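Data first, discussion second: the structure below is written as structure tokens.
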Amino acid sequence: MNFNHTLRVLVVREDAKWCAIALDMSLRGYGETQDQAVESLTEAVEAQLSFAVQHDTLDEIFVPAEPSYHALYESVKRDSVKRHLKSKPPQNLPDIFSCDLPLPKVDPQKFAEV
């Protein structure tokens with residue numbers, strides 16, 4: 001059986017930058033664009049997971065983000081699914097959206113202590 005694990009991500013515009021928040025790990029990534037913020041978050045997740053594997057602290061990595069972010073994620077996700085089912089794209093580029101980030105494969109040696 002093949003398991004696909006993902007992290008719930010909320011992406012919000014903060015002034016002129018974007019912030020991607022991994023709700024299950026309370027990690028953040030920032031960028032000039034949505035994609036850059038998610039890419040920055042992916043790198044942070046990879047580093048966190050690699051460190052946890054190296055130091056046998058996997059139970060400590062799942063620190064949930066604030067409850068308000070979880071509620072906002074659920075609301076945005078629900079609205080997105082409704083728009084999709086009704087074939088209605090958003091009118092403008094949203095300042096907030098949700099996505100699921102595939103859990104990256106971890107190479108513990110990539111972030112090994114020197």
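The model shown is predicted, which means the values in this text are computed figures rather than measured ones.
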Would you say the side chain of [Y] lies within less than 4.5 Å of the side chain of [X], judging by non-hydrogen atoms?
X: Leu101; Y: Arg8; value: no
X: Asp95; Y: Val12; value: no
X: Pro64; Y: Leu23; value: no
X: Trp18; Y: Val11; value: yes
X: Ile21; Y: Leu27; value: no

Item to check | Nearest-0.5 Å distance that lies between atom OG in Ser80 and atom CG in Leu85 | outcome: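 One finds 9.5 Å between OG of Ser80 and CG of Leu85.
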
Item to check | Nearest-0.5 Å distance that lies between atom CG in Asp56 and atom CZ in Phe51 | outcome: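 That separation rounds to 11.5 Å.
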
Checklist entry - Can you tell me if Ser50 uses its side chain to pair, donor with acceptor, with the backbone of Glu46 under 3.5 Å? => result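 Such a contact is absent between Ser50 side chain and Glu46 backbone.
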
Which heavy-atom pair separates [X] from [Y] by the least distance, and what is that distance?
X: Leu7; Y: Asp24; value: CA-OD2, 3.7 Å
X: Ala20; Y: Ala37; value: CB-O, 3.6 Å
X: Ala52; Y: Ile61; value: CB-CG2, 3.4 Å
X: Ala22; Y: Val9; value: CA-CG2, 4.5 Å
X: Thr6; Y: Pro102; value: CG2-CA, 4.1 Å

Item to check | Common cluster, Leu41/Phe62, ILVMFWY with side-chain heavy-atom separation under 4.5 Å | outcome: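 Yes, same cluster.
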
Checklist entry - Do you see a donor-acceptor pair shorter than 3.5 Å between the side chains of Gln36 and Ser40? => result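 Checked: Gln36/Ser40 side chains show no N/O donor-acceptor pair below 3.5 Å.
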
Checklist entry - In chain order, what residues pass the side chain to side chain donor-acceptor pair (under 3.5 Å) check against Asp100, with sequence neighbours excluded? => result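 So Asp100 forms a side chain to side chain donor-acceptor pair (under 3.5 Å) with Tyr73, Lys77.
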
Next on the checklist: Assess the residue pair Val45 and Met25 against the criterion (side-chain contact (heavy atoms from CB on, under 4.5 Å)); give the C-alpha distance rounded to whole Å, side-chain angles, the decisive distance to 0.1 Å, and a yes or no.
Outcome noted: CA-CA 8 Å; Val45 167; Met25 298 177 75; 4.2 Å; yes

Checklist entry - Considering residues at least two apart in sequence or located in another chain, which fulfil the side chain to side chain contact (heavy atoms under 4.5 Å, CB included) criterion with Tyr30? => result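 Expected list: Glu14, Cys19, Arg28.
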
